[in-house]
Participant: 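There's a structure below that I have some questions on.
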Amino acid sequence: MTGPAREGRKLRRSFGWLAVLGVVLVIAGIVGLVYVGLATLTSMLLFGWLLLVGGVVGLLHAIESRGSSFFWLAVVVAALNIAAGVVVIRHPEGSAEALTMFAALLFLTGGLFRLVGSLVVRGPQFGWTLLQGAFGLLLGILVLVNWPESSRYVLGAFFSLALLFDGLGLIAIGVSGRQILGMVADGGRTGQTGQTGHTEQTGGTGQAGGTGGRAAAGVSEASSEDDPDRSKN
């Protein structure tokens with residue numbers, strides 16, 4: 001098997017694995033939307049472990065670079081990440097309530113700024129910006145009105161939707177990548193077939209021309225032998 005063909009097979013396999021991972025993420029997102037409370041708890045535990053592992057790695061990196069000027073800053077940041085990770089892992093429900101409150105405030109402030117900015121600037125995307133601001137403001141109000149009960153499903157719903165859309169994106173990349181590679185491979189095979197046919201046709205034409213030339217030479221020699229006087233003249 002040639003090098004380009006081998007690389008093409010590897011790329012097709014890689015795009016296939018991307019599509020498989022996308023399917024897994026889509027299934028996980030759908031399950032999370034069905035069991036949104038479990039998705040909230042899972043997302044908080046994952047967040048806590050990410051903070052904990054990131055803090056440990058940051059602390060090790062700070063110890064390795066203890067002679068630098070940012071040593072104590074790296075130690076403080078790593079210690080805060082470790083402490084936050086431990087708190088989130090030990091108290092996932094309370095952490096979910098705090099993060100839900102923080103998300104609601106972000107929705108409120110972001111929606112308010114977009115709403116006011118769209119009314120003041122009135123740019124070419126006025127309608128779209130106004131709709132985004134109104135939606136963010138409404139979402140923040142709804143989350144705050146139902147808080148802390150909303151903390152049981154808001155983060156889980158966002159986490160599940162993120163998994164769902166990421167999975168759909170990976171599926172689209174994997175399928176389209178395999179289709180593009182297939183089109184390129186088919187085009188290469190078609191080009192090679194056309195070139196081979198053209199070469200064979202050219203070779204056949206050359207052989208026919210050579211045969212015709214030899215036949216013409218034979219006729220000329222026969223004519224010279226039959227009429228020696230004409231050839232002398």
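Computed over heavy atoms, backbone and side chain alike; hydrogens, waters and symmetry mates excluded.
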Participant: If I take atom CG from residue L138 and atom CG from residue L142, how far apart are they, to the nearest 0.5 angstrom?
Facilitator: 4.5 Å
Participant: Identify the heavy atoms of S176 and I173 that sit nearest to each other, and give their distance.
Facilitator: OG-O, 3.2 Å
Participant: Has F71 got more than 12 heavy atoms of other residues, nucleotides or ligands less than 6.0 Å from its CZ?
Facilitator: yes
Participant: Name the residue from N81, V87, I89, V88 that meets the side-chain contact (heavy atoms from CB on, under 4.5 Å) definition with L52.
Facilitator: I89
Participant: Honestly curious: do Y35 and L161 fall in one hydrophobic cluster under the side-chain, below-4.5 Å linking rule?
Facilitator: yes
Participant: May I have the step-by-step check of side-chain contact (heavy atoms from CB on, under 4.5 Å) for F47 and L99, ending in yes or no?
Facilitator: CA-CA 11 Å; F47 181 62; L99 285 179; 4.0 Å; yes
Participant: Check for a donor-acceptor pair, side chain of T40 on one end and backbone N or O of V36 on the other, with a separation under 3.5 Å.
Facilitator: yes
Participant: Do I63 and V77 belong together in a cluster built from hydrophobic side chains that touch within less than 4.5 Å?
Facilitator: no
Participant: Quick check: is V86 connected to L80 through a chain of hydrophobic side chains (ILVMFWY, heavy atoms under 4.5 Å apart)?
Facilitator: no
Participant: Is it true that a side-chain atom of S160 and a backbone atom of A157 form a donor plus acceptor pair closer than 3.5 Å?
Facilitator: no
Participant: Could you grab the distance from atom CG of L41 to atom CG of L46, nearest 0.5 Å is fine?
Facilitator: 9.5 Å
Participant: Let me confirm one number: the CH2-CZ distance from W128 to R114, rounded to the nearest 0.5 Å.
Facilitator: 10.5 Å
Participant: If you round to the nearest 0.5 Å, how far is OG of S43 from CG of L163?
Facilitator: 9.5 Å
Participant: Looking at E149, I want to see if its CD is surrounded by more than 12 non-hydrogen atoms of other residues, nucleotides or ligands under 6.0 Å.
Facilitator: yes
Participant: Write down the atom of G58, the atom of A78, and the distance for their closest heavy-atom approach.
Facilitator: C-CB, 3.8 Å
Participant: With side-chain contact (heavy atoms from CB on, under 4.5 Å) as the criterion, how do Y153 and N146 come out once you've worked through the C-alpha distance, each side chain's angles and the decisive distance to 0.1 Å?
Facilitator: CA-CA 11 Å; Y153 56 85; N146 295 321; 3.9 Å; yes
Participant: Looking at side-chain heavy atoms only, is the closest gap between L130 and L115 below 4.5 Å?
Facilitator: yes
Participant: Suppose we screen for ring pair (Phe, Tyr, Trp, His ring centres under 6.0 Å). Which residues come up paired with F107, at least two apart in sequence or across chains?
Facilitator: F158
Participant: Measure the CD1-CG distance between I27 and L164 for me, rounded to the nearest 0.5 Å.
Facilitator: 11.0 Å
Participant: Does one hydrophobic cluster hold both L137 and V145, with members joined at side-chain heavy-atom distances below 4.5 Å?
Facilitator: yes
Participant: Which one of L170, V26, D166 satisfies the side-chain contact (heavy atoms from CB on, under 4.5 Å) criterion with L21?
Facilitator: L170
Participant: Could you state whether L144 and I141 fall into the same hydrophobic cluster, counting links through intermediate Ile, Leu, Val, Met, Phe, Trp or Tyr residues with side-chain heavy atoms under 4.5 angstrom apart?
Facilitator: yes
Participant: So does E97 get a backbone contact from the side chain of W147, meaning a donor-acceptor N/O pair under 3.5 Å?
Facilitator: yes
Participant: Would you check if M101 and V143 make a side-chain contact, meaning some heavy-atom pair closer than 4.5 Å?
Facilitator: no
Participant: Working to the nearest 0.5 Å, report the span between OG of S95 and CG of L51.
Facilitator: 9.5 Å
